[in-house]
Amino acid sequence: MAKDFSTREENYSKWYNDIVQRAGLAENSAVRGCMVIKPYGYAIWEKMQAALDKMFKDTGHSNAYFPIFIPKSFFSKEAAHVEGFAKECAVVTHYRLKNDPDGKGIVVDEDAKLEEELIVRPTSETIIWDTYRNWVQSYRDLPILINQWANVVRWEMRTRMFLRTAEFLWQEGHTAHATREEAVEETERMLDVYADFAENFMAIPVLKGTKSANERFAGAVETYCIEALMQDGKALQAGTSHFLGQNFAKAFDVKFASQEGTLEHVWATSWGVSTRLVGALIMAHSDDHGLVLPPKLAPNQVVIVPIYKSADQQNLVVEKAREIQRQLQKAGISVKLDDRDTYKPGWKFNEYEFKGVPVRIAIGPRDVENGTLELARRDTLQKEIIQMKGIEQTIEKMLNDIQENLYRKALEFRERSTYKADTWDEFIDILDNKGGFILAHWDGTAETEQKIKEETKATIRLIPLNNIPEEGKCIFTGKPSSQRVVFARAY
RNA sequence: CGGGGUGUAGCGCAGCCCGGUUAGCGCGCGUCGUUCGGGACGACGAGGCCGGAGGUUCGAAUCCUCUCACCCCGACCA
């Protein structure tokens with residue numbers, strides 16, 4: 001059992017921080033607002049990257065890399081875009097240091113001032129569209145389907161590990177198309193990729209929809225998103241896909257000669273997910289015993305803990321454990337054998353429970369004698385004795401079960417945490433006492449949304465795709481509404 | 001950036017009000033022994049410029065001023 005560790009009930013945000021730190025995912029760095037992603041946390045991100053990268057490639061995209069620095073002037077070219085990011089940009093003004101003439105230490109060399117300041121990218125639309133201008137002349141050059149894995153910087157006031165840090169890792173896709181239809185199709189395709197990834201790899205069910213004008217990406221015509229529900233009833237935006245229209249093409253003068261010989265601005269999309277997904281993973285599945293990882297994203301799917309007393313037993317048991325490890329690895333399962341003699345089995349049990357390893361195998365002298373193993377699964381904490389024979393099939397099945405069970409549990413949670421509200425009182429009551437997603441009518445205006453946000457902290461998370469039309473009255477103003485939208489308090 | 005809080009050993013804390021031996025405790029760490037199927041136990045041991053800078057004082061972890069960092073609550077956001 002995990003002692004000296006917060007429960008979700010006691011203090012949800014402390015519970016979250018405890019998991020991040022004690023499971024060795026990340027820690028705060030010497031730099032304000034920036035975290036160090038530790039090997040175990042980074043390994044999870046690498047698993048995410050690998051899965052996503054394959055999905056991007058399978059949908060025709062290629063990776064490329066653009067500079068981390070963006071000339072200041074680029075930012076001012078798309079009005080809404082500047083507006084959206086201006087308040088959180090880190091700016092490079094000088095390029096040299098020198099020894100402090102007045103004493104010890106080092107100071108900025110004022111003589112080394114940049115003619116034009118450089119912005120540390122908060123996102124790369126501007127530098128990319130400035131580059132695409134030179135890549136596009138004819139419809140034959142389209143589409144451009146590029147993704148970049150990168151770090152970005154957004155100078156946040158308040159940070160939380162993985163969920164919001166000043167620097168974070170992400171991928172940003174940037175595509176250029178000849179027609180509006182094709183760009184919209186791309187935007188929706190990538191939204192589907194994200195939803196697919198969230199559900200099938202992260203085991204987190206997501207709602208798909210579009211953002212209201214207030215929540216839209218700065219510079220986008222339409223922002224699509226996937227939205228997940230965390231265990232404390234707050235929503236988390238897990239990915240966004242933007243239809244940028246011709247906004248950036250016009251701002252950066254990206255034109256192509258169409259098949260008909262006319263000169264047209266290209267149509268654009270951008271889409272991204274970040275290391276925030278690691279935070280989502282933690283908050284969606286973990287329990288009061290620590291992290292719980294879905295098998296498809298767990299750095300180690302299985303850990304083997306040998307149990308022994310004498311040196312003879314140790315040799316015997318560890319040898320058998322190695323054999324099992326090889327067997328499982330051959331079947332494509334990632335297995336860690338912890339044969340350290342410096343920690344006791346009980347200690348290791350707790351350690352791996354805390355780190356969320358989906359399946360634990362314990363093997364002792366009795367097992368070697370009987371041809372058995374003890375299996376423990378992290379999601380249910382159940383233990384059972386199984387036969388060594390056919391271990392690959394047993395483990396494979398268990399990993400699949402765990403993956404499915406996590407998804408099912410998360411889905412059930414979301415379903416019982418999704419409410420309809422038809423009156424303002426009902427709406428407030430659900431927000432304050434239950435949390436979760438609230439389906440309610442809204443009159444469609446930014447003013448109303450803003451007022452609701454000011455009074456309740458709840459925002460419109462999304463307008464569901466393929467929403468079923470339904471006549472009703474706005475929860476706040478009573479004005480007519482033709483559909484319900486999804487409200488929640490969010491991260 | 002506003003309001004509140006905290007900085008003392010790797011981690012978690014006590015001591016501070018009311019200044020005065022060698023600054024404690026738990027966990028962790030090292031050595032040795034007994035242990036090992038759910039966080040073992042004993043013995044011995046190492047580890048501190050009390051966040052930083054100034055000041056008050058015979059004397060500062062303790063009082064005063066400034067500063068830096070982190071946490072919580074607001075405004076902003078993936």
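Protein chains get the first letters and strands the later ones, always in sequence-line order, with residue 1 at the start of each.
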Distances under 3.5 Å between nitrogen or oxygen atoms of protein and nucleotides 71-75 of chain B:
residue	atom	partner	partner atom	Å
B:C73	OP2	A:Arg158	NH2	2.0
B:A75	OP1	A:Lys457	NZ	2.1

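In this structure, B:G2 and B:C73 make a Watson-Crick or G-U wobble pair, each of the two defining distances being under 3.5 angstrom. Across all strands shown, B:C29 is found opposite B:G45 as a Watson-Crick or G-U wobble partner, with both distances under 3.5 Å. Base pairing analysis places B:A53 opposite B:U65; the two distances defining the Watson-Crick or G-U wobble pair are each below 3.5 Å. Pair assignment for B:C13 gives B:G24, based on Watson-Crick or G-U wobble hydrogen-bonding distances that are each under 3.5 Å. Base pairing of B:G38 is not made with any nucleotide, judged by Watson-Crick or G-U wobble geometry with both donor-acceptor distances under 3.5 Å. Pairing of B:C18, defined by two Watson-Crick or G-U wobble distances under 3.5 Å, is not identified with any nucleotide.
In this structure, A:Lys348 forms no cation-pi arrangement with A:Tyr343, as its terminal cationic atom is not both closer than 6.0 Å to the ring centre and no more than 45° off the ring axis. A cation-pi arrangement is present between A:Arg360 and A:Phe349 under the rule of less than 6.0 angstrom and at most 45 degrees off the ring axis. Cation-pi geometry between A:Lys87 and A:Phe85 is not met at under 6.0 angstrom from the ring centre and within 45 degrees of the axis. Because its NZ or CZ atom is both nearer than 6.0 Å to the ring centre of A:Tyr40 and within 45° of the ring axis, A:Lys355 counts as a cation-pi partner of that residue.
Phosphate proximity of B:A40 to A:Lys344: present, with a side-chain N or O under 4.0 Å from OP1 or OP2.
The side chain to side chain contact (heavy atoms under 4.5 Å, CB included) test applied to A:Leu381 returns A:His289, A:Glu353, A:Arg378, not counting sequence neighbours.
When the P atom is used for both B:A43 and B:C25, the distance is 14 Å, rounded to whole Å. Nucleotides B:A75 and B:G15, compared at atom P, are 35 Å apart to the nearest Å.
Salt-bridge annotation for A:Asp339 and A:Arg322: present, with a side-chain N of the basic residue lying under 4.0 Å from a carboxylate O of the acidic one.
In the set B:C29, B:C76, B:G38, the nucleotide with an atom closest to the side chain of A:Tyr343 is B:C29.
Taking 3.5 Å as the limit, the base of B:G38 and the side chain of A:Lys383 contain a donor-acceptor pair of atoms between them.
Among A:Phe252, A:Phe75, A:Trp129, the single residue meeting the ring pair (Phe, Tyr, Trp, His ring centres under 6.0 Å) criterion with A:His81 is A:Phe75.
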